[in-house]
Amino acid sequence: MPSFAEKARQAQDEKRAGREEKDPADLSGAQEPDWNNPDSWGGGDSDAGNSASGNAGDSAGRNDGQEPEPPTPPKRSSPASTGRSRAPRRRGRPRGPERVPLTVRILPPTDRKLTAAVQQTGLNPQTLVEDALEAYFRRLKIQDPGPEQQEGDVA
């Protein structure tokens with residue numbers, strides 16, 4: 001059975017083939033740069049000089065002869081936003097359920113078992129952990145107290 005990583009790589013290769021997109025890491029057909037001619041290395045901008053940026057000689061705060069930068073699009077915020085900006089969602093990807101961030105530390109043997117379970121089932125770690133917690137809560141007969149219950153409230 002192929003691992004999760006192999007399935008993801010295969011799906012990505014199929015998408016690229018459908019769009020006739022070349023793998024950016026594939027260097028076949030790439031032309032070797034002319035190492036004796038540094039002007040041929042970049043995009044052909046010969047007045048950039050030897051500086052890392054073409055603005056080395058400009059005075060601070062001015063962009064003489066440069067086009068103004070386009071305005072950045074406004075950031076979208078979700079209703080349950082905690083003040084942090086979220087990266088835009090990738091196109092074609094359905095929005096999943098709202099999740100609360102949680103950080104836990106696990107022992108190395110548990111991590112190895114989780115990795116083995118991901119490879120064996122093809123599910124991602126988040127799904128496996130959520131399913132395991134739900135099974136544990138069912139076993140202990142723990143019910144969802146609902147959104148009204150605050151973190152500090154203990155009955």
Side-chain angles (χ1 to χ4, degrees), residues 1-46 48 51-55 63 66-152:
M1 175 178 210
S3 71
F4 177 74
E6 290 169 347
K7 287 180 182 178
R9 193 174 304 114
Q10 182 182 12
Q12 186 178 26
D13 290 342
E14 289 172 2
K15 285 181 184 178
R16 279 198 185 109
R19 292 185 301 219
E20 298 178 13
E21 179 181 330
K22 182 182 173 195
D23 183 359
D26 183 15
L27 297 178
S28 63
Q31 186 177 10
E32 181 75 18
D34 181 7
W35 297 111
N36 295 325
N37 185 4
D39 291 336
S40 69
W41 297 353
D45 190 11
S46 61
S51 68
S53 73
N55 300 332
N63 290 328
Q66 292 183 359
E67 293 290 324
E69 292 185 15
T72 57
K75 294 180 181 177
R76 291 184 282 165
S77 62
S78 65
S81 177
T82 58
R84 289 186 254 165
S85 63
R86 187 187 301 182
R89 192 166 46 100
R90 293 181 186 170
R91 283 183 54 186
R93 205 172 263 214
R95 184 177 302 279
E98 187 69 29
R99 289 192 163 88
V100 177
L102 174 69
T103 301
V104 297
R105 295 178 182 269
I106 58 176
L107 297 171
T110 306
D111 185 46
R112 289 190 297 267
K113 291 176 192 174
L114 180 59
T115 301
V118 166
Q119 292 173 346
Q120 184 178 357
T121 63
L123 298 173
N124 62 31
Q126 180 170 312
T127 302
L128 288 171
V129 170
E130 285 177 347
D131 290 348
L133 282 172
E134 278 302 315
Y136 184 69
F137 295 148
R138 277 195 306 273
R139 191 173 103 200
L140 295 178
K141 296 183 171 85
I142 294 177
Q143 299 293 322
D144 180 8
E148 306 86 43
Q149 184 84 14
Q150 296 294 323
E151 284 183 23

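One is the number of the first residue; the rest follow in order along the sequence.
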Reported CD-to-CG distance for the pair Q120 and L128, which is rounded to 0.5 angstrom: 10.0 Å

Approximate separation, where rounding is to 0.5 Å, of E130 CD and L123 CG: 11.0 Å

Reported CZ-to-CD distance for the pair R9 and E14, which is rounded to 0.5 angstrom: 13.0 Å

Side chain proximity check, V129 to L133, heavy atoms < 4.5 angstrom: yes

Q126 CD: over 12 foreign heavy atoms closer than 6.0 Å: yes

Minimum heavy-atom distance between V118 and N124, given as atom pair plus value: CG2-C, 4.2 Å

R105 side, atom CZ; T110 side, atom OG1 - distance, nearest 0.5 Å: 14.5 Å

Other residues, nucleotides, ligands: >12 heavy atoms within 6.0 Å of R99 CZ: yes

Enclosure of K113 NZ (heavy-atom neighbours >12, cutoff 6.0 Å): no

